[in-house]
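Protein chains get the first letters and strands the later ones, always in sequence-line order, with residue 1 at the start of each. The figures here come from the full heavy-atom set of this structure, side chains too, leaving out hydrogens, waters and symmetry mates.
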Amino acid sequence: MTKFSELNLDPNVLKAVAEAGYEAPTPIQEGAIPPALEGKDVLGIAQTGTGKTASFTLPMLTRLATGRARARMPRSLVLAPTRELAAQVAENFDLYAKHTKLTKALLIGGVSFGEQDKLIDRGVDVLIATPGRLLDHFERGKLLLTGVQIMVVDEADRMLDMGFIPDIERIFQLTPFTRQTLFFSATMAPEIERITNTFLHAPVRVEVARQATTSETITQKLVEIVPPRKDQTAKAKRELLRALIQAEGEACTNAIIFCNRKSDVDIVAKSLKSHGFDAAPIHGDLEQSQRTKTLDAFRDGKLQLLIASDVAARGLDIPAVSHVFNYDLPSHAEDYVHRIGRTGRAGRLGTAYSIATPSDDKYLAAIEHLVKITIPRVEVPEGFTLSEATLREPKKYDEKEGGRSSSSSSRSGSRTRSRTRSRDRDESLAAPVVEPVLAEAVVETPVVEAPKREERRDERREERRDDRRERDRSRPRDRDTGPVVVGMGDHVPDFLLRPFRPSKPATVTEEVEETSEG
DNA sequence: AAAAAAT
């Protein structure tokens, strides 16, 4: 087996690695460090938890060991998508650079410019930044990127998701053509491929097998509930979450609870706290100081439950999380893998619970397709008092539907139709794989409904366009024109229509048509 | 329908 000591790293760097307790490099490190040390571009395809950060940190420090920084001209640059991730990279630099004289600055938003400016002025070897703040410094003329010898892009696919690619391209163009580029991404989306083709020169491609999502170290479980009413979903989910945490008891030493929305992060955190749990929220709308404080407390074991948006889904290295709870199933299947990957790290055992409601069926299918397993369904825990109402029981819905559908079928017309649509949606939500007798009625509708819904939307759009045309010709006579005209009847005073219609309607109509087609 | 990041 290769050892770090065989990798030609700077002795001072090697010393820090040894002190940190590392002997043998991970596959990504073994693959990326040698070419990086030779000054070659590296394209690393690897996910977090594979030792990616050290795979660029160690060779960078080694190559920067000779020479020193000039004022406002950093010698290297690391870009990360989130502030926490950038801060984490910075911590890694501190760790491995402690026996060198290399300096670094962390440029992230949410903190004042003053300290960052001071460091840049003095000259730093390594600049670690989120794209926005870096460009901000650059535009203020405080920063020159022409001295960058090594540039690292970390978590490029996440940058893509977050719309950072234009910024990244711009930053690439601000650095010298001769720079060395180390580029990391978990996946190679077409857009990522394009960037690497443009900005990397004959890169050495290092690909590390995707982390097994069915990793034996993570036990995945899914709890499905059907809240009796839609407006009770959140309440039911919060209660179920509490029951799940309680059922796990002492096994749950600490956990990250993921919500899809920032507002839900706050609500769930508040709710858990009021029920006596040791919980705190983290998401992008919170003050940076608060984010740092919360994350530090969680890392130090002073906080048991971290309620998080996807700001914490990727990259963050939080050791020893016993549980992950998906309060919401993520709408991007990839995120499921990232989220549950927060537990079961470094050979430790972990448990990942996901809460699903019927409206998650689509997401769930995508997730299970991606991870290539059927996530084991488990019963709701005993402490879940709403269980009777919220178990996956289609009956209530079907009874209701049966009653309503007969009354609605006696009617017709566009207004009733819109109500029918929302009813059908509920119906399809409540359609589980059980109850064959009722399934007849349930299955039929969504299957037919799905394509129809699209058609109808198009129809309506066309209708609306027609309406406009009609009105422009001042012949508002169609009853289907929508609630506004129906409500006014045929008695709409002419002046009310005038502001929407310039003096020569025919011409305008033509113009509208032309522009809309062009 | 939403999260992240520059203010």
Fit a plane to each ring of A:Phe56 and A:Phe184, take the angle between them on a 0 to 90° scale, and name the class: parallel (under 30°), tilted (30 to 60°) or perpendicular (over 60°).
tilted
In whole angstrom, what separates A:Asp167's CG from B:dA6's P?
10 Å
What's the CZ-C1' distance between A:Arg339 and B:dA3, to the nearest Å?
10 Å
Can you check whether A:Ser309 has a side-chain N or O nearer than 4.0 Å to OP1 or OP2 of B:dA2?
no
To the nearest Å, give me how far apart CD1 (A:Ile267) and P (B:dA2) are.
12 Å
Using the side-chain heavy atoms of A:Arg261, tell me which of these nucleotides is nearest: B:dA1, B:dA6, B:dA4.
B:dA1
Could you check how far CZ of A:Phe258 sits from P of B:dA4, rounded to whole Å?
12 Å
Scan A:Arg140 against the nucleic acid and name what it touches under 4.0 Å (heavy atoms): base, sugar-phosphate only, or nothing.
nothing
Find the distance A:Asp161:CG to B:dA1:P and express it as a whole number of Å.
19 Å
When rounded to the nearest 0.5 Å, the distance separating OH of A:Tyr336 from CD of A:Gln220 is 3.5 Å
Separation of atom CD in A:Glu155 from atom P in B:dA3, rounded to whole Å:
20 Å
Is any side-chain N of the basic residue among A:Asp94 and A:Lys104 closer than 4.0 Å to the acidic one's carboxylate O?
yes
Classify A:His332 by what it touches in the nucleic acid, base, sugar-phosphate, or nothing, heavy-atom distance under 4.0 Å.
base
From A:Lys237 atom NZ to A:Ile355 atom CD1, the distance as rounded to the nearest 0.5 Å
6.5 Å
Among B:dA4, B:dA5, B:dT7, which nucleotide has an atom closest to any side-chain atom of A:Phe164?
B:dA5
Return the value, rounded to whole Å, for the distance between atom CG of A:Leu329 and atom P of B:dA2.
17 Å
Is A:Arg194 paired with A:Glu169 through a side-chain N to carboxylate O contact shorter than 4.0 Å?
yes
Between CD of A:Glu84 and P of B:dA4 the distance, given in whole Å, is 9 Å
Please determine whether any donor N or O and acceptor N or O are separated by less than 3.5 Å between the side chain of A:Ser331 and the base of B:dA2.
no
Side chain of A:Thr82 (C-beta onward), nearest among B:dA3, B:dA6, B:dA5
B:dA5
Touch check for A:Gly163, heavy atoms < 4.0 angstrom, all strands: base, sugar-phosphate only, or nothing?
nothing
Under 4.0 Å: is that the gap between some side-chain N or O of A:Arg158 and OP1 or OP2 of B:dA5?
no
